[in-house]
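Inspection log for the structure reproduced underneath, given as structure tokens.
Just so it is clear, the model here is predicted, and its values are computed rather than measured.
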Amino acid sequence: MLRSATRKIGSVYDRALAPLGINIAQYSLLRSVERLQPVSLTELARTAELDRSTIGRNVRVLERLGLVALERGEDDHREAAVNLTARGAETLDVAGPLWEDCQRSIETQLGPVRVTALQEILRVI
């Protein structure tokens, strides 16, 4: 039941972000890079609670889209560091209001009682 709800809500965000060429997972990853940059793949994986190899693949997709740049780390040249590109920053500037609109729309559809119930469920998990 929760997986189904997650997929449905995720698809609302995905549809809103589609014109920008990204999905909700990529948006979230871009926000993390923005907040932490320059950030190592290891630290980004830890923050996203994903395997480093998964983060590496996801970051490479964003790199191919021109949204992030991978460089050698300042402290450890063996570790790649991720930064937003100008295009990535522009994408986030446009995506932010789209995300906010989705958030408000979902909260309106659910109503305050269901939003509070959902918050309680997530707090327990």
Side-chain angles (χ1 to χ4, degrees):
M1 176 173 62
L2 286 177
R3 276 191 68 72
S4 176
T6 300
R7 279 193 300 275
K8 285 181 181 181
I9 290 174
S11 71
V12 172
Y13 288 99
D14 286 345
R15 282 192 303 275
L17 296 170
L20 301 177
I22 62 172
N23 60 38
I24 189 62
Q26 291 166 327
Y27 172 79
S28 178
L29 187 54
L30 285 170
R31 280 288 179 213
S32 293
V33 171
E34 177 187 47
R35 190 174 54 255
L36 301 168
Q37 68 182 331
V39 60
S40 71
L41 290 175
T42 302
E43 181 60 26
L44 193 55
R46 192 178 0 252
T47 300
E49 297 179 354
L50 294 170
D51 292 335
R52 188 187 179 286
S53 60
T54 301
I55 282 292
R57 284 191 300 276
N58 293 346
V59 165
R60 282 178 199 41
V61 170
L62 295 176
E63 182 182 35
R64 283 193 300 275
L65 293 171
L67 303 175
V68 299
L70 280 169
E71 301 164 354
R72 289 285 154 216
E74 290 180 16
D75 296 332
D76 184 350
H77 293 288
R78 297 170 297 170
E79 178 75 74
V82 185
N83 287 289
L84 282 182
T85 62
R87 183 175 177 189
E90 290 168 8
T91 298
L92 283 178
D93 287 344
V94 175
L98 298 174
W99 187 91
E100 289 290 337
D101 288 347
C102 282
Q103 188 73 14
R104 277 191 297 275
S105 175
I106 290 168
E107 288 177 1
T108 298
Q109 287 176 330
L110 290 176
V113 172
R114 288 188 183 115
V115 168
T116 301
L118 182 58
Q119 290 168 338
E120 287 300 318
I121 290 167
L122 294 173
R123 201 176 349 266
V124 172
I125 296 177

Dump the intermediate steps for side-chain contact (heavy atoms from CB on, under 4.5 Å) on Leu41 and Leu70, then the final yes or no. CA-CA 9 Å; Leu41 290 175; Leu70 280 169; 4.3 Å; yes
Mind checking the [atom1]-[atom2] spacing from [X] to [Y]? Nearest 0.5 Å is all I need.
X: Leu84; Y: Leu92; atom1: CG; atom2: CG; value: 5.5 Å
X: Ser32; Y: Arg46; atom1: OG; atom2: CZ; value: 13.5 Å
X: Leu44; Y: Arg35; atom1: CG; atom2: CZ; value: 9.0 Å

So, the side chain of Thr85 versus the backbone of Leu67: is there a donor-acceptor pair under 3.5 Å, distance only?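 Here the side-chain-to-backbone pair exists.
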Taking all heavy atoms of Ala95 and all of Leu17, pick out the closest pair and write down the distance.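 Where Ala95 meets Leu17 most closely, the heavy atoms are CB-CD2, 3.7 Å.
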Which heavy atom in Ala48 sits nearest to a heavy atom in Ile55, and how many Å separate them?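 Between these two residues, the closest heavy atoms are CB-CD1, 3.9 Å.
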Quick test of your reading: applying salt bridge (Lys or Arg N to Asp or Glu O under 4.0 Å), list the pairs with at least one residue in residues 3-12, sequence neighbours left out, ordered by first then second residue.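 Residue pairs with at least one partner in residues 3-12: there are none.
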Using a strict cut-off of less than 4.0 Å between a Lys/Arg side-chain nitrogen and an Asp/Glu carboxylate oxygen, indicate whether Glu90 and Arg87 qualify as a salt bridge.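 No, no charged N to carboxylate O under 4.0 Å.
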Contact list for residues 21-30, test side-chain hydrogen bond (donor to acceptor under 3.5 Å, both in side chains), sequence neighbours left out: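 Non-adjacent pairs meeting side-chain hydrogen bond (donor to acceptor under 3.5 Å, both in side chains): Tyr27-Arg31.
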Pairs touching residues 6-25 that satisfy ring pair (Phe, Tyr, Trp, His ring centres under 6.0 Å), sequence neighbours left out: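 Matches after skipping sequence neighbours: Tyr13-Trp99.
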For the side-chain contact (heavy atoms from CB on, under 4.5 Å) test, which of Val33, Leu29, Leu30 pairs with Val82?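 Running side-chain contact (heavy atoms from CB on, under 4.5 Å) over Val33, Leu29, Leu30 with Val82 returns exactly one hit, Val33.
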Please determine whether residues Ile106 and Val113 belong to a single hydrophobic cluster, defined as Ile, Leu, Val, Met, Phe, Trp and Tyr linked transitively by side-chain heavy-atom distances below 4.5 Å.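 No; tracing contacts between hydrophobic side chains, which count when under 4.5 Å, never links both residues.
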same_hphob_cluster(Val115, Ile121) at 4.5 Å side-chain heavy-atom cutoff: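 No, Val115 and Ile121 fall in different hydrophobic clusters.
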List the residues meeting side chain to side chain donor-acceptor pair (under 3.5 Å) with Glu107, not counting sequence neighbours, and say none if there are none.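 For Glu107 the side chain to side chain donor-acceptor pair (under 3.5 Å) partners, ignoring immediate neighbours, are Gln103.
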Could you pull out all residues at least two apart from Arg114 that satisfy side chain to side chain donor-acceptor pair (under 3.5 Å)?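 With sequence neighbours excluded, Arg114 shows a side chain to side chain donor-acceptor pair (under 3.5 Å) to no residue whatsoever.
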List in chain and number order the residues that pass salt bridge (Lys or Arg N to Asp or Glu O under 4.0 Å) with Arg60, two or more places apart in sequence or in another chain; answer none if no residue qualifies.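 Checked Arg60 against salt bridge (Lys or Arg N to Asp or Glu O under 4.0 Å); zero matches.
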Do Leu20 and Leu98 have side-chain heavy atoms sitting under 4.5 Å apart?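 Yes; the side chains approach each other to less than 4.5 Å.
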